[in-house]
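Single-structure report; data block below.
Computed from heavy atoms alone, side chains included, the values below leave out hydrogens, waters and symmetry copies. What you are looking at is a predicted structure, and each value in this text was computed from that prediction instead of being measured.
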Amino acid sequence: MNTPEELRVVEALKALAGDVTVTEQDIVTGGARLRANLEPPKPTRRLAVVAAAAVAVLVAGVTAAVVADRNHAAPPVDQGPPTPAEVLAATLKHDAYDGSEAKFLAGEVPTHESLAGLWLSRRGYDHADRFLTLSYNMFIERDGDWYFGHVEEPFDSGTSRLVGDTWTRRTTYASGGSCTGESYPWRASLAADGSLHLAFLGTRVAVPATPAPGPATNTCGAAFEREVWDPVGPGSPLADFWLASAADVVWQTREDWSSSDAASVYVAPGTGYVLSIFDDGSYAYYEDLVTGQLVPSCSGELLSGSVEVAQTPQVPGYFADAQVLRFSTTEAGCASAVAGQGLWVRLDSSTE
Amino acid sequence: VARTLPELALERLTGPQDRTLHSVSSTEPATESVEAVIDVLFRRHYARLLRAAYALLGAREGAEDAVQEAFVSLFRHWGKLRDPDAAEAYLRAAVLNRCRSSIRARVRERTRTIDPVLPLHAVGSDEVAGGREDAVIVGTALRLLPRRQREVVTCRYLLELTVAETADTLGISDGAVKRHTHRGLQSLHATLEVTR
């Protein structure tokens, strides 16, 4: 945008601010109202202890569930044609988290181009102590910026740089605050199944955290020694699995669906396009994930219409079951573009 | 002489010569010292925070509530501030949080009661006729931007923060601030062009 265009917008914004007149009387009245509302702070220690205990119980429960699932015996051999889940399990590298580092990192050295896009974490390693869902997503931009969760409202985000096969991920924002400012170097490799393998390279590098309201906490530790991320774009094993599974699922129609109850990140396996639905029901739709910085192709306040919902099967040892949906609307514009994608897969919809 | 946190804050805000105006001394209860600081902060920042909240919410009453709640929250959490200079940043973040919550609540309410495609703040014909077309259009368009763009533009042009201050307030990188600013201004300008 050139300068005259920007100036017009900025002047309009200043005029908008100028619409709100604040007189001395307003400040006196507001100040009096504020003083009436001020009360001495209440002790919060007990609440914090109770909350910490609740989190500890939840973490212990999830950890136990993960360990139990990893100890399951192999499923019995089925005499019929392989299911989409069996095809996916056979396609993915079985020993992703086991074996020597050399074996774990066997594959191609990634480039900025090959890192760009959307990735889904593969379950199977001890990450339940950090993320209380079994899978989560990571966007990586071509310039190295990354986001966990939404691009617009990530729960963690930061920058990264790739030197040789070492990818250093620096956290510049963490919703919990505890990881902000820390850098994590990983040795990176693209395995034959397309997955990104990361092996943590020793001690994390702590740098001064950005000042922020509230007490400082620098308790972030290396959550995993190894991470495995699978691509979800068109033609990837996961996308093929979702498309094949959707042909066999049982769909349920919800007539009065709206996005206000569906906050998550979704991917269209046919195209790799992404839909972010936020807590307030507003949404952003991305068609380009790889050529530059991640900006929405369009966005809107609320998606509403008719939705069909189903559940894809889990892939034991790899991925939990996922919610899939098909959306239809009479609205034009962005909502129509979203509906036109057909199948959407919710990336955090584990029911385990 | 050792200073308590509120005393230090008051000195930084008003200078040592003004301390007598607020009757703050080391013998006074801490709560009164904090109230004195809050009072100075309120006078200094109320108007700007109110304008930013108004831009986000489109209603003065809701904006006043958001700013009031932010100051009350600052008072209650004063002991957790690491530095008195962080108070202003805390207020900005608190106002943005409350505006966010208010928008969420209104969207939920709207989905239950009226046409969900209506914007949060409809443009009235009397507003457009008042000769402030650009401001009215930009105000409405601002509230329809993706949340991060909306908040970045508000921080940069209504709270008049630098890129670094905006990044601190929203907890994102400088690069992300620049990206969202560019994209947000681009969208707002496109809206102005369409309605010209």
Side-chain angles (χ1 to χ4, degrees), chain A residues 1 5-6 8-20 22 26-27 30-31 33-35 37-42 143 145 151-154 157-159 172-175 177 180 210-216 258 260 278-284 293 295-296 299-302 304 331, chain B residues 31 35 38-39 42-43 46-47 50-51 54-55 60 63-64 68 71-72 75-83 86 89-90 93 100 103-104 107-108 111 116-117 119-120 132 134-135 137-139 142 144-148 153 157-158 168 171-173 175-176 179 182-183 185-186 188-189 192:
Chain A
M1 187 157 58
E5 292 169 328
E6 183 172 337
R8 184 183 173 200
V9 176
V10 172
E11 283 171 8
L13 287 167
K14 289 186 187 305
L16 175 68
D19 285 351
V20 183
V22 180
D26 289 332
I27 293 176
R33 181 184 165 196
L34 175 62
R35 280 188 291 279
N37 286 330
L38 297 184
E39 295 172 2
K42 295 179 174 62
D143 64 2
D145 286 356
V151 173
E152 293 273 341
E153 297 175 17
S157 66
T159 58
T172 56
Y173 168 73
S175 51
T180 303
T210 303
S258 82
S260 58
F278 307 108
D279 290 341
D280 62 358
S282 63
Y283 65 96
Q293 292 179 319
V295 290
S299 60
E301 278 286 290
L302 193 76
S304 61
E331 293 177 30
Chain B
T31 299
E35 283 185 14
I38 300 281
D39 189 53
F42 187 83
R43 297 188 70 82
Y46 177 69
L50 181 68
R51 288 180 177 124
Y54 173 80
R60 177 151 182 159
E64 287 176 348
Q68 282 281 334
F71 276 97
V72 171
F75 174 73
R76 291 183 178 157
H77 295 92
W78 184 265
K80 293 182 178 178
L81 288 183
R82 285 173 296 168
D83 186 297
Y90 182 95
R100 223 174 273 152
I103 290 169
R104 281 193 198 115
V107 168
R108 289 196 191 96
T111 59
V117 299
L120 284 171
R132 299 178 292 104
D134 276 7
I137 292 164
V138 158
L142 177 70
L144 293 175
L145 288 178
R147 186 183 306 168
R148 191 62 86 191
V153 169
Y157 298 104
L158 293 162
D168 280 351
I172 58 179
S173 66
R179 184 169 66 251
H182 175 74
R183 186 69 179 180
L185 291 180
Q186 207 171 35
L188 293 177
H189 182 260
L192 285 177

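Closest approach of A/Pro154 to B/Arg148, counting heavy atoms only: CD-NH2, 4.0 Å. Nearest heavy-atom pair, B/Gln68 versus A/Gly30, reported as atom, atom and distance to 0.1 Å: NE2-O, 2.8 Å. Taking each heavy atom of B/Arg51 and A/Val22 in turn, the nearest pair found is NH2-N, 4.1 Å. Contact record, A/Glu6 with B/Tyr157: OE2-OH, 3.5 Å, taken as the closest heavy-atom pair. Pairing each heavy atom of A/Ser299 with each of B/Leu144, the nearest pair is OG-O, 4.5 Å.
Counting heavy atoms from C-beta on, the side chains of A/Asp145 and B/Arg179 come closer than 4.5 Å.
Only one option out of A/Glu152, A/Glu301, A/Glu153 pairs with B/Arg147 in a salt bridge (Lys or Arg N to Asp or Glu O under 4.0 Å); it is A/Glu153.
Heavy-atom distances place the side chain of B/Leu158, and not its backbone, under 4.5 Å from chain A. For chain A, the nearby parts of B/Phe71 are the backbone and the side chain; heavy atoms of each come within less than 4.5 Å. For chain B, no part of A/Ala284 is nearby; none of its heavy atoms comes within less than 4.5 Å.
Comparing B/Ala63, B/Ser173, B/Pro146 by heavy-atom pairs within less than 4.5 Å of chain A, the highest count is held by B/Pro146.
The CG atom of A/Leu13 sits 6.0 Å away from atom CG of B/Leu188, with the distance rounded to the nearest 0.5 Å. Of the inter-residue distances, the one linking B/Glu64 atom CD with A/Asp26 atom CG reads 7.0 Å to the nearest 0.5 angstrom.
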ask   = For B/Asp134 and A/Arg8, what are the C-alpha separation, side-chain angles and deciding distance, and is it a side-chain contact (heavy atoms from CB on, under 4.5 Å)?
value = CA-CA 8 Å; B/Asp134 276 7; A/Arg8 184 183 173 200; 3.0 Å; yes

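Between A/Arg35 and B/Asp39 there is a salt bridge, with a side-chain nitrogen of the basic residue lying less than 4.0 Å from a carboxylate oxygen of the acidic one.
Heavy atoms from other residues, nucleotides or ligands lying under 6.0 Å from CZ of B/Arg43 number 12 at most.
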